[in-house]
*Asks:* 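One structure, pasted below without further comment.
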Amino acid sequence: MTRLAQTAGLNDVQREILATVRDFVDKEIIPVATGLEHRDEYPTEIVEGLKELGLFGLMIPEEYGGLGESLLTYALCVEEIARGWMSVSGIINTHFIVAYMLKQHGTQEQKDTFLPRMALGEVRGAFSMSEPALGSDVSAISSKGVKDGEEYVLNGQKMWLTNGGTSTLVAVLARSDEGHPEGTAPHKSMTTFLVEKEPGFGEVRPGLTIPGKIDKMGYKGVDTTELIMDDLRIPANRVLGGTTGRGFYQMMDGVEVGRVNVAARGCGVAQRAFELGVSYAQQRHTFGKPIAQHQAIQFKLAEMATKVEAAHAMMVNAAHKKDSGERNDLEAGMAKYLASEYCKEVVEDAFRIHGGYGFSKEYEIERLYREAPMLLIGEGTAEIQKMIIGRRLLEEYRIQG
């Protein structure tokens, strides 16, 4: 074994892509990540490098100018990028969720309009479900789209948009009662609207405001914002798929991709934490020898490495399942839950190995320690994942008769 989290069965193209991404991470991301993160500075040069590598079109079909790669390839690239700096993986995650939703559910006109430019990174995606008064309770969404002739008028306030400022296309989930009588189940009266906008902050188009960046504990650099719609008018042909009432299912399909992504991010951050911990343990001396030779530290390293391997295996399995066309909410939920929890634990163990130096901003582990908690929340909390897992297990193991 040369390093942890190897993936068997990859083809030559996949191995070449991953080698290129890893080289880019080592040379272009890791050396500058901590400085950019401390300044909360958007990684413009890194993003331009990802464009040149074609990563914004990684999963977009070749007919639209993308590379047409699998979710597994994408997840493994995300794992590498998050190993360098988790915020960068967040920049491409929401972009890919929107591209995936367009590929799977968009009209032909919507695919032709957006996917070629998304593949080049000229159109950058973000998606929006959450609102200030709700988090995981999607059924409580209050934002609304009302039909007015050949347009929809959107009103409401959304929360926690990754890429809220830098994106130019936002998939927004809102209620649309048109065609759905009172009493319709909440999830059957939701629609995904494709909202085009200018990048930046303030009023980015008439009726749409992106306030400034939310100041966060970690996950810095990437812009996380609110989105406020005040009589925002969009054409009726910007309803994803052309039919109202399907938004909940479209978003949940996208979120399954997002959960594999978050699992991959957890794997990447945990790998980096292990690398930092095992390296520091061989350099730091106490009682006349490197602390790596103390049994207590070896036990920590053993536990950390095992968690990295286990999380990676579950993430790969979830990606394979989605690529096969099968339902993967169980596998994605398990992978996201395990990878995010293990990531937190591996980062904390690496932090402990660093001792007092782990508390210093001069050491990279301090940044990882602030970044890991976001993965416990993003794309659904551990409690939400357990609900999904539990319900699916009861479906699979239901007692007959």
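We're numbering straight along the sequence, starting at 1. Bear in mind that the values here come from a model prediction, so they are computed numbers and not experimental data.
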*Asks:* To the nearest 0.5 Å, what is the distance between CG on Asp349 and CD on Glu303?
*Replies:* 6.5 Å
*Asks:* What's the shortest heavy-atom distance between Gln108 and Tyr64, and which atoms?
*Replies:* NE2-OH, 3.0 Å
*Asks:* Spell out, as yes or no, whether a donor-acceptor pair under 3.5 Å connects the side chain of Thr381 to the backbone of Ile377.
*Replies:* no
*Asks:* Determine whether Glu348 and Arg352 satisfy the following criterion, salt bridge (charged side-chain N to carboxylate O under 4.0 Å, His left out), listing intermediate values before the conclusion.
*Replies:* CA-CA 6 Å; Glu348 182 170 341; Arg352 290 173 183 268; 2.9 Å; yes
*Asks:* Drop me the distance from Asn261's CG to Met315's CE, to the nearest 0.5 angstrom.
*Replies:* 10.0 Å
*Asks:* Does atom CD of Glu198 have more than 12 heavy-atom neighbours, drawn from other residues, nucleotides or ligands, at distances under 6.0 Å?
*Replies:* no
*Asks:* If you apply the rule side-chain hydrogen bond (donor to acceptor under 3.5 Å, both in side chains), what do you find for Thr191 with Ser176, and how did you get there?
*Replies:* CA-CA 6 Å; Thr191 297; Ser176 57; 2.4 Å; yes
*Asks:* Which atom names give the shortest non-hydrogen contact between Ala126 and Val98, and what distance separates them?
*Replies:* O-CG2, 3.2 Å
*Asks:* State, to 0.1 Å, how close Ala263 and Ala339 come at their nearest heavy-atom pair, and which atoms those are.
*Replies:* O-CB, 3.5 Å
*Asks:* What I want to check is whether the side chains of Glu326 and Ser324 have a donor and an acceptor closer together than 3.5 Å.
*Replies:* yes
*Asks:* Strictly distance-based, threshold 3.5 Å: is any side-chain N or O of Asp223 a donor or acceptor partner for the main-chain N or O of Gly165?
*Replies:* yes
*Asks:* Verify, without hydrogens or angle tests, whether Asn163 (side chain) and Ile91 (backbone) share a donor-acceptor contact under 3.5 angstrom.
*Replies:* yes
*Asks:* Consider only side-chain N and O atoms of Gln110 and Arg238, and report whether a donor and an acceptor are under 3.5 Å apart.
*Replies:* no
*Asks:* Give, for atom CG of Asn93 and atom CE of Met86, the distance between the pair rounded to the nearest 0.5 Å.
*Replies:* 10.5 Å
*Asks:* Salt-bridge test for Glu150 and Arg233: reply yes if a basic N is under 4.0 Å from a carboxylate O, no otherwise.
*Replies:* no
*Asks:* List the steps, then state whether side-chain hydrogen bond (donor to acceptor under 3.5 Å, both in side chains) holds for Glu109 with Thr113.
*Replies:* CA-CA 6 Å; Glu109 184 271 336; Thr113 299; 3.0 Å; yes
*Asks:* With a 3.5 Å distance limit and no angle check, can you tell me whether Lys336 reaches the backbone of Leu375 through a side-chain donor-acceptor pair?
*Replies:* yes
*Asks:* Is the closest basic N to carboxylate O distance between Asp215 and Lys213 below 4.0 Å?
*Replies:* no
*Asks:* Measure the spacing between CG of Leu154 and CZ of Arg175 and express it to the nearest 0.5 Å.
*Replies:* 13.5 Å
*Asks:* If you compare all heavy atoms of Gly200 against all heavy atoms of Ile210, which two are closest, and at what distance to 0.1 Å?
*Replies:* O-CB, 4.0 Å
*Asks:* Quick one about Gln283 and Ser279 (side-chain donor to acceptor, distance below 3.5 Å, no hydrogens or angles considered), yes or no?
*Replies:* yes
*Asks:* Can a salt bridge be assigned to the pair Asp26 and Arg83 using a cut-off of 4.0 Å between side-chain N and carboxylate O?
*Replies:* yes
*Asks:* Determine, for Glu79 against Arg265, whether the closest basic-nitrogen to carboxylate-oxygen distance falls under 4.0 angstrom.
*Replies:* no
*Asks:* For Glu395, I'd like to know if atom CD has over 12 heavy atoms of other residues, nucleotides or ligands within 6.0 Å.
*Replies:* yes
*Asks:* Looking at Ala318, is its backbone amide N or carbonyl O close enough to the side chain of Asn328 to form a donor-acceptor pair, meaning the two atoms are under 3.5 Å apart?
*Replies:* yes
*Asks:* More than 12 heavy atoms of other residues, nucleotides or ligands under 6.0 Å from NZ of Lys216: yes or no?
*Replies:* yes
*Asks:* Measure the shortest side-chain to side-chain distance between Val316 and Leu76 over non-hydrogen atoms and say whether it is less than 4.5 angstrom.
*Replies:* yes
*Asks:* Before you tell me yes or no, could you show the steps for Arg3 and Glu80 under salt bridge (charged side-chain N to carboxylate O under 4.0 Å, His left out), namely the whole-Å CA-CA distance, both residues' side-chain angles and the distance that decides it to 0.1 Å?
*Replies:* CA-CA 13 Å; Arg3 56 184 290 266; Glu80 293 289 356; 3.7 Å; yes
*Asks:* Does any donor atom in the side chain of Glu16 or Thr20 lie under 3.5 Å from an acceptor atom in the other side chain?
*Replies:* no
*Asks:* So, Arg15 side chain and Leu10 main chain: donor-acceptor pair closer than 3.5 Å or not?
*Replies:* yes
*Asks:* Hey, are Asp329 and Arg391 close enough for a salt bridge, meaning a charged N less than 4.0 Å from a carboxylate O?
*Replies:* no
*Asks:* What distance separates His294 NE2 from Phe299 CZ, expressed to the nearest 0.5 Å?
*Replies:* 13.5 Å
*Asks:* Under the 3.5 angstrom rule, does the side chain of Asp148 hit a backbone N or O of Glu151 as a donor-acceptor pair?
*Replies:* no
*Asks:* Output, in order, the C-alpha distance, side-chain angles, deciding distance and verdict of side-chain contact (heavy atoms from CB on, under 4.5 Å) for Leu169 and Val195.
*Replies:* CA-CA 6 Å; Leu169 178 66; Val195 178; 6.0 Å; no
*Asks:* Are any of the side-chain heavy atoms of Phe24 and Leu50 separated by less than 4.5 Å?
*Replies:* yes
*Asks:* Under a 4.0 Å threshold between the charged nitrogen and the carboxylate oxygen, would Arg272 count as salt-bridged to Glu364?
*Replies:* yes
*Asks:* Side chains of Trp85 and Glu371 only: does a donor on one sit below 3.5 Å from an acceptor on the other?
*Replies:* yes
*Asks:* Cut-off 3.5 Å, side chains only: do Glu366 and Ser360 have a donor facing an acceptor?
*Replies:* no
*Asks:* Among side-chain atoms of Gln157 and Glu131, is any donor-acceptor pair under 3.5 angstrom?
*Replies:* no
*Asks:* What residue among Phe127, Phe56, Tyr74 forms ring-ring contact (aromatic ring centres under 6.0 Å, His included) with His95?
*Replies:* Phe56
*Asks:* Classify the side-chain pair Thr209/Glu203 by whether it contains a donor and acceptor separated by less than 3.5 Å.
*Replies:* no
*Asks:* With distance as the sole test, does Arg370 use its side chain to make a donor-acceptor pair with the main-chain N or O of Met217 at under 3.5 Å?
*Replies:* yes
*Asks:* Do you know which two heavy atoms are closest between Gly90 and Tyr219, and how far apart they sit?
*Replies:* CA-OH, 3.2 Å
*Asks:* Could you walk me through whether Thr107 and Lys111 satisfy the side-chain contact (heavy atoms from CB on, under 4.5 Å) test, starting with their C-alpha distance in whole Å, then the side-chain angles of each, then the deciding distance to 0.1 Å, before giving a yes or no?
*Replies:* CA-CA 6 Å; Thr107 65; Lys111 294 177 185 179; over 6 Å; no
*Asks:* More than 12 heavy atoms of other residues, nucleotides or ligands under 6.0 Å from NZ of Lys144: is that the case?
*Replies:* no
*Asks:* Answer yes or no: is there an ion pair linking Arg259 with Glu379, defined by an N-O contact shorter than 4.0 Å?
*Replies:* no
*Asks:* Can a donor-acceptor pair be found, under 3.5 Å and without considering hydrogens, that links the side chain of Ser87 to the backbone of Lys220?
*Replies:* yes
*Asks:* Identify the residue among Arg39, His38, Glu37 that makes a side-chain contact (heavy atoms from CB on, under 4.5 Å) with Glu41.
*Replies:* Arg39
*Asks:* Grab the two heavy atoms, one from Ala281 and one from Ile353, that are nearest each other, plus how far apart they are.
*Replies:* CB-CG2, 4.2 Å
*Asks:* Between His320 and Ser70, is a side-chain hydrogen bond (donor to acceptor under 3.5 Å, both in side chains) present by the stated rule, with each step listed?
*Replies:* CA-CA 9 Å; His320 272 310; Ser70 63; over 6 Å; no
*Asks:* Indicate whether the side chain of Arg124 and that of Ser167 have a donor and an acceptor atom separated by less than 3.5 Å.
*Replies:* no
*Asks:* Once you measure the plane-to-plane angle for Tyr357 and Tyr363, does it fall in the parallel (<30°), tilted (30-60°) or perpendicular (>60°) bin?
*Replies:* tilted
*Asks:* Would a distance-only check, ignoring hydrogens and angles, find a side-chain to backbone donor-acceptor pair under 3.5 Å from Glu28 to Val25?
*Replies:* no
*Asks:* Distance check, rounded to the nearest 0.5 Å: Ile92 atom CD1 versus Thr162 atom OG1?
*Replies:* 12.5 Å
*Asks:* Run the salt-bridge test on Glu396 and Arg392 with the 4.0 Å N-O cut-off and return the result as yes or no.
*Replies:* yes
